[in-house]
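This report refers to the structure that appears directly beneath it.
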Amino acid sequence: MVAAAWSSRVAAALLDNHGVPGDWVTGSRMLDVVLLPVIFAIAFPVLRLLLKKYIYQPSGEAVFLQLQKKRDKAWTQQQLEKKLQKWNESCWKMTVYTIFSSVAFLVTYQEPYFLSPIRFWDGATAFPLNYHVPFKIALFYLIEIGFYIQAVPFLFFVEVRRKDWMESFAHHIVTLGLMYYSWYANFTRPGVMVMLLHDISDIFLEAAKLARYAEKEAAALYLFVVFAISWVILRVILFPAAIIVRTLIDPIVLIAIPYNINPQPHYSAFGTMFSLLFFLHLYWTYLIFKVIWKQLKTGSTDDVREEDSDDE
């Protein structure tokens, strides 16, 4: 009897859209966010393995074979494996961020809030925000959640351990918290724009790393400059100006006060998580300028987060 009642409550919760209209993938807003990210989180490592086997690893071996021929001293097998690990990791991240940035742009560029963030809140009269969520936004959101779910164990057990891995872990956890909570509170419009602003600069970072691994120092430098500029514009300027300020002011002015609604706990939750994310951005901006300073002094674009430059 108790089990039946519990199952009934769970089923009701999964089918409850909390007053948020939308074109849900499974037909249920909560079932979407419970089920589909897990499926995508399983699919991403499979895709990564296939791309590594058929594209990343062969291309890396070809690049390093050519570099090996130019060296007086051959790399050890351990050094070569470490280089290939870094190559494969950067190839994967550049692929993912390029696809995510392209899709985020395609699903948002025709939306009124794309160039006017104050329109994030059009049609909202309650919390959770009760504006309509299109299928394209819902599906993209769920795919990104799935990516970050699998990114956490990969950060710990698969990827190269860098000096800022704890900050990267904190970033992934805060990002997952923001994604899940923004889905629940239906802050999906600012949420998808956050994804777009965050993914673009990472394309150039990973491309710069690949150029450095291939010992194309001029290309690495140019790509890093583009990365640094895009990072500052998108994450240090636009993110607080277009996202943080708007989510701190507009829900109060445009929804809470006119409709006499208590904005808590959503207001404090988003303010806290966005602030944490921005402080992480400032820390990484400091690391970026360390690389720039190192380039000016030594001509090297080595990643200051790595334990060694791996030049041997």
Side-chain angles (χ1 to χ4, degrees), residues 9 12-25 28-34 37 104 107-142 144-145 148 170-171 173-198 234-282:
R9 286 197 295 270
L14 290 175
L15 296 176
D16 186 0
N17 292 333
H18 297 92
V20 178
D23 301 318
W24 313 116
V25 180
S28 166
R29 176 170 172 261
M30 297 311 294
L31 186 60
D32 273 6
V33 79
V34 169
V107 300
T108 58
Y109 81 99
Q110 290 183 317
E111 300 293 338
Y113 54 81
F114 184 79
L115 295 176
S116 181
I118 198 171
R119 301 197 63 182
F120 283 150
W121 326 102
D122 285 3
T125 60
F127 294 103
L129 301 179
N130 54 346
Y131 53 65
H132 182 270
V133 180
F135 177 85
K136 60 183 181 181
I137 299 293
L139 180 60
F140 178 65
Y141 227 86
L142 298 166
E144 280 246 11
I145 293 175
Y148 276 97
H171 171 269
I173 296 301
V174 172
T175 299
L176 274 172
L178 275 168
M179 287 179 170
Y180 272 112
Y181 199 83
S182 62
W183 180 273
Y184 168 73
N186 196 29
F187 276 57
T188 49
R189 289 174 182 172
V192 74
M193 293 306 297
V194 169
M195 295 174 193
L196 178 60
L197 291 177
H198 281 64
L234 297 174
R235 296 202 188 200
V236 180
I237 298 174
L238 284 181
F239 174 58
I243 304 296
I244 297 180
V245 171
R246 294 267 65 91
T247 53
L248 290 178
I249 296 175
D250 294 344
I252 300 296
V253 175
L254 300 178
I255 303 171
I257 293 175
Y259 297 99
N260 195 27
I261 300 171
N262 181 6
Q264 300 292 6
H266 313 305
Y267 183 80
S268 295
F270 282 112
T272 301
M273 287 188 282
F274 277 143
S275 297
L276 287 173
L277 197 57
F278 184 61
F279 284 127
L280 285 170
H281 292 173
L282 294 179

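Source: prediction; values computed, not measured. These numbers come from the heavy atoms of this one structure, side chains and all, not from hydrogens, waters or symmetry mates. The first residue of the sequence shown is numbered 1, and numbering continues consecutively from there.
- The CD1 atom of Ile249 sits 10.0 Å away from atom CG of Leu254, with the distance rounded to the nearest 0.5 Å.
- Aromatic ring centres of Phe239 and Phe274: separated by under 6.0 Å.
- Under the 3.5 Å distance criterion, the side-chain polar atoms of Ser116 are left unmatched by any main-chain donor or acceptor of Pro112.
- When atom types are taken as modelled, the side chain of Arg119 and the backbone of Phe114 share no donor-acceptor pair closer than 3.5 angstrom.
- Thr188 places no side-chain N or O within 3.5 Å of a backbone atom of Gly191 that could act as its donor or acceptor partner.
- Of the inter-residue distances, the one linking Gln264 atom CD with Phe127 atom CZ reads 9.5 Å to the nearest 0.5 angstrom.
- Although no hydrogens or angles enter the test, the distance criterion places no donor-acceptor pair under 3.5 Å between the side chain of Asp23 and the main chain of Pro134.
- Taking the six-membered ring for Trp and the full ring otherwise, Tyr113 and Phe120 have centroids separated by under 6.0 Å.
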Stepwise, does the side-chain contact (heavy atoms from CB on, under 4.5 Å) test hold for Glu111 with Val192? CA-CA 11 Å; Glu111 300 293 338; Val192 74; over 6 Å; no
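- Considering all non-hydrogen atoms of both residues, Phe278 and Ile244 come closest at CB-CD1, 3.9 Å.
- Taking the side chain as every heavy atom from C-beta outward, Asp122 and Tyr131 never approach each other to under 4.5 Å.
- Rounding to the nearest 0.5 Å places CE of Met193 at 9.0 Å from CG of Leu238.
- Going from atom CG of Leu178 over to atom CH2 of Trp183 covers 15.5 Å, rounded to the nearest 0.5 Å.
- Here the closest heavy-atom approach between residue Pro263 and residue Ile252 is recorded as CG-CD1, 3.5 Å.
- Taking each heavy atom of Thr108 and Ala104 in turn, the nearest pair found is OG1-O, 2.6 Å.
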side-chain contact (heavy atoms from CB on, under 4.5 Å) evaluation trace for Arg29 with Asn186: CA-CA 10 Å; Arg29 176 170 172 261; Asn186 196 29; 4.0 Å; yes
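- For the 3.5 Å distance criterion, the side chains of His266 and Tyr184 fail to qualify, holding no donor opposite an acceptor.
- Two residues are said to be in side-chain contact when any heavy atoms from C-beta on lie closer than 4.5 Å; Phe270 and Leu248 fail this criterion.
- Listed for the Tyr259 side chain is no donor-acceptor partner under 3.5 Å among the backbone atoms of Ala126.
- Residues Asp32 and Leu142 meet the side-chain proximity criterion, which asks for heavy atoms closer than 4.5 Å.
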Walk me through it: do Ile255 and Leu129 pass the test side-chain contact (heavy atoms from CB on, under 4.5 Å)? CA-CA 9 Å; Ile255 303 171; Leu129 301 179; 3.4 Å; yes
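- Considering CG of Leu196 and CD1 of Ile243, their distance stands at 9.5 Å, rounded to 0.5 Å.
- Judged purely by distance below 3.5 Å, without hydrogens or angles, the side chains of Ser182 and Tyr141 pair a donor atom with an acceptor atom.
- Taking the six-membered ring where tryptophan is involved, the planes of Phe187 and Trp121 are perpendicular, since the angle between them exceeds 60° and thus also 30°.
- For Asn130 (side chain) and Thr125 (main-chain N/O), a donor-acceptor pair under 3.5 Å exists by modelled atom type.
- Judged purely by atom type and a 3.5 angstrom limit, Arg235 uses its side chain to pair as donor or acceptor with the backbone of His198.
- Side-chain atoms of Val33 and Met30, non-hydrogen and from C-beta on, do get closer than 4.5 Å to each other.
- Leu276 contributes atom CG, which lies 12.5 Å from atom CD1 of Ile173 (distance to the nearest 0.5 angstrom).
- In terms of heavy atoms, Arg246 sits closest to Pro251 at O-CD, 3.2 Å.
- Here the side chain of Trp24 pairs no donor or acceptor atom with the backbone of Ala138 at under 3.5 angstrom.
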